[in-house]
> 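The structure under discussion is supplied below as structure tokens; questions concerning it will follow.
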Amino acid sequence: MKKLSHQISSFVLVGASAALVHWLVVVLLVSGASWQPLTANVIGWLVAFNVSYTGHYFLTFRALQSGLRASLPRFFVLSAMGFLINETAYAILLSKTSMPYEALLGMILIGVAVLTFVFSRLWAFAARH
């Protein structure tokens with residue numbers, strides 16, 4: 001139970017850092033460079049992926065170490081699937097609501113984070129026996 005509690009705490013710390021990086025990249029590209037939110041979201045995800053993977057590999061799931069060669073491709077697939085959910089939900093909500101793009105993205109990032117934790121723990125970083 002202590003191990004799971006540590007993983008959840010670390011996941012929240014790393015995930016919040018990656019989500020903040022993702023969100024900041026999007027906001028900077030949209031407000032500073034006049035990019036469209038959905039296009040900026042792709043770049044935000046790619047930058048945040050590096051923060052997320054590195055933090056989870058070395059901090060959150062280090063005890064489960066399956067090795068870089070196994071965990072990187074699995075986590076990339078998981079992250080890409082989460083991003084597809086993110087981008088689809090973002091596109092729908094941007095077209096159907098009048099909420100600011102920043103708020104919508106924040107809500108979506110939190111929702112996808114829960115799914116990412118479960119699948120990271122059970123698959124992406126799990127050692128194969």
> Can you list the steps and then say if Thr116 with Phe11 is a side-chain contact (heavy atoms from CB on, under 4.5 Å)?
CA-CA 10 Å; Thr116 302; Phe11 185 86; 4.1 Å; yes
> Would you say Arg121's side chain and Leu4's backbone share a donor-acceptor pair under 3.5 angstrom?
no
> May I ask you to decide if Asn50's main-chain N or O and Thr54's side chain share a donor-acceptor pair within less than 3.5 Å?
yes
> Where do Ile108 and Ala89 come nearest, in terms of heavy atoms and distance?
CD1-C, 3.8 Å
> When the aromatic ring centroids of Trp45 and Tyr53 are compared, is their separation below 6.0 Å?
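Not under 6.0 Å, so no.
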> Hydrophobic cluster membership, with links at side-chain heavy-atom distances under 4.5 Å among I/L/V/M/F/W/Y: are Leu104 and Leu109 in one?
yes
> Any side chain to side chain donor-acceptor pair (under 3.5 Å) pairs touching residues 88-110, not counting sequence neighbours?
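Checked against side chain to side chain donor-acceptor pair (under 3.5 Å) - neighbours excluded - no pair reaches residues 88-110.
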> How far apart are the closest heavy atoms of Ala18 and Ala48, and which atoms are they?
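Taking Ala18 first and Ala48 second, the nearest heavy atoms are O-CB, 3.3 Å.
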> At what distance, to the nearest 0.5 angstrom, does CZ of Phe58 lie from OG of Ser10?
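Answer for the CZ-OG pair, Phe58 versus Ser10, is 14.0 Å.
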> Can you see which heavy atom on Val30 is nearest to which on Ala40, and at what distance?
CG2-CB, 3.9 Å
> Decide if atom CE of Met99 counts as having more than 12 heavy atoms of other residues, nucleotides or ligands within a radius under 6.0 Å.
yes
> Working to the nearest 0.5 Å, report the span between CG of Leu29 and CD of Gln36.
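Rounded to the nearest 0.5 Å, the CG-CD separation comes to 12.0 Å.
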> Using side chain to side chain contact (heavy atoms under 4.5 Å, CB included) as the criterion, list what pairs up with Val14, not counting sequence neighbours.
His56, Leu59, Thr60
> Check this for me: Phe119, atom CZ, are more than 12 non-hydrogen atoms of other residues, nucleotides or ligands nearer than 6.0 Å?
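Check fails, neighbour count at 12 or below.
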> Going hydrophobic residue to hydrophobic residue with side-chain gaps under 4.5 angstrom, can you get from Ile85 over to Leu94?
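Linked, Ile85 and Leu94 end up in one cluster.
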> Are Leu24 and Val51 connected in the hydrophobic side-chain network, where two residues link if heavy atoms are under 4.5 Å apart?
no
> Taking atom OG of Ser52 and atom OH of Tyr57, what is their separation to the nearest 0.5 Å?
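Taking OG in Ser52 and OH in Tyr57, the distance rounds to 14.5 Å.
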> Please report the closest heavy-atom contact between Gly106 and Trp23, naming both atoms and the distance.
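In this case the closest contact between Gly106 and Trp23 is N-CD1, 4.2 Å.
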> Would you name the heavy atoms of Phe61 and Gln7 that are closest together and state the gap between them?
CD2-NE2, 3.6 Å
> Can you name the closest pair of heavy atoms from Pro37 and Val26 and give their distance?
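Scanning both residues completely, I find the closest heavy atoms to be O-CG1, 4.3 Å.
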> Sort and list the pairs that fulfil side chain to side chain donor-acceptor pair (under 3.5 Å) and have at least one residue in residues 11-22, not counting sequence neighbours.
His22-Asn41
> Would Ile8 end up clustered with Leu78 when hydrophobic side chains under 4.5 Å apart are linked, directly or stepwise?
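Same cluster.
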> Using the rule that two of Ile, Leu, Val, Met, Phe, Trp, Tyr join whenever any of their side-chain heavy atoms come within less than 4.5 Å, decide whether Leu20 and Val27 are in one cluster.
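Leu20 clusters together with Val27.
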> Given Phe83 and Val42, is the side-chain contact (heavy atoms from CB on, under 4.5 Å) satisfied, shown in steps?
CA-CA 8 Å; Phe83 179 70; Val42 174; 3.8 Å; yes
